[in-house]
There are 2 protein chains.
Amino acid sequence: MTSTGTKNPRERYRAQVRTEIKERAWEQIATAGASALSLNAIAKQMGMSGPALYRYYAGRDELITELITDAYRSLADTLHSTATATATSDADAGAGAGLAALAHAIRAWALADPQRYFLIYGTPVPGYHAPDDTTAISSEIMAILLDACAALPSDGPATPFDRHLEEHREWAGDHPASPAALHRALSFWTRVHGVLSLELAGHFTGMGIDPAQLFAAELDDLLAR
Amino acid sequence: MTSTGTKNPRERYRAQVRTEIKERAWEQIATAGASALSLNAIAKQMGMSGPALYRYYAGRDELITELITDAYRSLADTLHSTATATATSDADAGAGAGLAALAHAIRAWALADPQRYFLIYGTPVPGYHAPDDTTAISSEIMAILLDACAALPSDGPATPFDRHLEEHREWAGDHPASPAALHRALSFWTRVHGVLSLELAGHFTGMGIDPAQLFAAELDDLLAR
DNA sequence: TCGTCTAGTTATAACTTCTAACGAACGCGT
DNA sequence: ACGCGTTCGTTAGAAGTTATAACTAGACGA
């Protein structure tokens, strides 16, 4: 902490108010969705009147952007924890234990607050451009997935997409994973998201099937490729 | 047409205005997202002043609900067309030609208007309950998928999820598909949606990979199970 | 032709985001 | 310890939004 860490009481209070604003915002989003988020309502809930909130956030967009970043950060931290936790219990389970643990961690994180998940992976606003920190966290998440995929054996011949990935591995940074591992990471991401997104949106309700079992089946199939 | 088909000019005009309202609504949604849809702006665009629009739609929710239903209808019609088209060119291609054609039809339909896709499969509004006709169209779509899946051979042993589906096949109606076919239809749905949703939301932009190739790879893997 | 039903109008209420101008309090440096 | 400046919170207000109410003008059918 060189210049301004958390010392002066002005900044302490400011940070405290900002976090309380975000807490109220998360409550509103969880119950009514992000589109129903009202800065006015938050201000009134906190006992201050309307425009006072603009001292802390320049506007709705800035608040939502920070919520998105926080959501990304939360997901990345969760996955990092499970990754290190399963790395500790090394070879007691199968090779796919790491990926399976990540999958269930993602699902639990999403089910805990579906709207938080949709804030990241839901309907995008046409004009919106994600800030750099979210893309950084996103590649951080991909790195975790790649670590787990690199621990798996890759049998079977290389697919055309594997060859495509061989020439397009910018997104993996300098991760030393095989094209098959890159492929499995992408497939993991899309398949987990596919089941999860439909489940959270309620598209399975009334169908009679158990989303958890469908999720597990997709995971098994991915691991048994 | 027993009582009121499309005869009297009053109803003709009314239907015409309603469709024009929906056209303007689609334009707004395509460019700025569903949350930015403004009834007032639509009314002014059409030359009438504000509340006049409420003669045609009781409110924002009713308009959006009808847009969702129309989107479902459009998707179902598209898939029905491709299903019959590929059924005509019977055995000239492999067994998975039907499913592959459906997958590409879905993707083309989604790419044509991403926000329309997200209106169906995007972020749900927490309180919102879909009307019965949309669930009916949804099962109509599932029936098309099941037809294509039933045409495929199902090698491999039955998975635990197959056994789960054997006891929970309400959603398939009275479709005579094997549990493996039910499984493949669900997997098709979730995997297509997984890739497509992330692609349309722009989560692959900047990664360097070609979403079309990832989509094709997922489809190939599903067909080669 | 006349009556009714409908479409459009304005006015209004209750919201929203966000800007501007003002006052008061807090805390830092002297 | 005291002033001065930064910051916070206020009210007022503009420009939007959804939606309702009351009224007018028109078209359609009998």
Side-chain angles (χ1 to χ4, degrees), chain A residues 1-22 24-25 27-29 31-68 125-128, chain B residues 1-29 31-68 125-128:
Chain A
M1 323 303 179
T2 55
S3 56
T4 58
T6 171
K7 274 233 158 187
N8 46 346
R10 227 79 188 263
E11 287 195 2
R12 283 192 71 85
Y13 178 71
R14 182 176 180 81
Q16 185 179 336
V17 173
R18 279 175 72 105
T19 58
E20 183 175 348
I21 290 173
K22 288 196 282 187
R24 310 277 184 163
E27 294 172 9
Q28 283 195 11
I29 288 176
T31 59
S35 63
L37 188 143
S38 163
L39 299 191
N40 233 322
I42 293 177
K44 284 182 183 173
Q45 273 185 6
M46 293 177 62
M48 55 183 175
S49 204
L53 207 141
Y54 286 79
R55 297 287 171 188
Y56 300 93
Y57 288 97
R60 231 184 90 103
D61 289 359
E62 189 178 300
L63 174 57
I64 291 187
T65 297
E66 189 161 318
L67 293 176
I68 293 176
V125 176
Y128 184 78
Chain B
M1 326 303 180
T2 56
S3 56
T4 58
T6 173
K7 274 234 157 186
N8 45 345
R10 229 75 189 267
E11 286 196 1
R12 281 193 72 86
Y13 178 72
R14 181 175 180 83
Q16 183 179 336
V17 173
R18 281 175 71 106
T19 58
E20 183 175 350
I21 290 173
K22 288 196 283 187
E23 287 172 7
R24 309 277 184 162
W26 280 120
E27 293 172 9
Q28 283 196 11
I29 288 177
T31 60
S35 63
L37 188 143
S38 164
L39 298 192
N40 232 322
I42 293 175
K44 284 183 183 173
Q45 274 185 5
M46 294 178 61
M48 56 183 174
S49 205
L53 205 143
Y54 286 80
R55 297 285 168 184
Y56 299 94
Y57 287 98
R60 232 183 90 102
D61 289 359
E62 190 180 296
L63 174 57
I64 290 185
T65 298
E66 190 161 318
L67 292 176
I68 293 176
V125 177
Y128 184 78

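A note on names: the letters A, B, ... follow the listed sequences, proteins ahead of strands, and every chain is numbered from 1. If you're wondering where the values come from, they're calculated on a predicted model, not measured in any experiment.
Counting only heavy atoms from C-beta outward, the side chains of B:Y56 and B:K22 never approach each other to under 4.5 Å. Taking 4.5 Å as the limit, every side-chain heavy atom of B:Y128 sits out of range of all side-chain heavy atoms of B:I64. Considering only heavy atoms from C-beta on, B:Y54 comes within 4.5 Å of B:L39 through its side chain.
As rounded to whole Å, 13 Å separates atom P of C:dA7 from atom CD of B:Q16. In this structure, B:R60 places its CZ atom 8 Å from P of D:dA19, rounding to the nearest Å. As rounded to whole Å, 10 Å separates atom P of C:dT6 from atom CD of B:E11. In this structure, A:E20 atom CD and D:dG9 atom P are separated by 11 Å, rounded to whole Å. A:L53 has its CG atom 14 Å from the C1' atom of D:dT10, to the nearest Å. Between the CZ atom of A:R18 and the P atom of D:dC8 there is a distance of 10 Å, given to the nearest Å. If you take OH of A:Y57 and P of D:dC8, they are 13 Å apart, rounded to a whole angstrom.
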A correct 5'-to-3' footprint of nucleotides 20-30 of chain D, with B, S and - meaning base, sugar-phosphate only and no protein heavy atom under 4.0 Å, is B-BB--BBSS-
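Screening B:R24, B:R18, B:Q16 against B:E20 for a side-chain hydrogen bond (donor to acceptor under 3.5 Å, both in side chains) leaves a single residue, B:R24.
The two residues B:I29 and B:A34 come nearest to each other via the heavy atoms CG1-CA, 3.9 Å. Taking both residues in full, the closest heavy atoms of A:G33 and B:P126 are given as N-CG, 3.5 Å, listed atom of the first, atom of the second, then distance. Here the shortest heavy-atom pairing between B:Y57 and B:E66 reads OH-OE2, 3.1 Å. Heavy atoms only, all atoms of each residue included: B:A36 and B:Q28 are closest at O-OE1, 3.8 Å.
Near DNA chain C, meaning a heavy atom under 4.0 Å from it, residues 36-46 of chain B has no residue at all.
From B:Q45, atom CD reaches atom CD1 of B:I21 across 11.5 Å, with rounding to the nearest 0.5 Å.
A sub-4.0 Å separation between OP1 or OP2 of C:dG8 and a side-chain N or O of B:Y56 is present.
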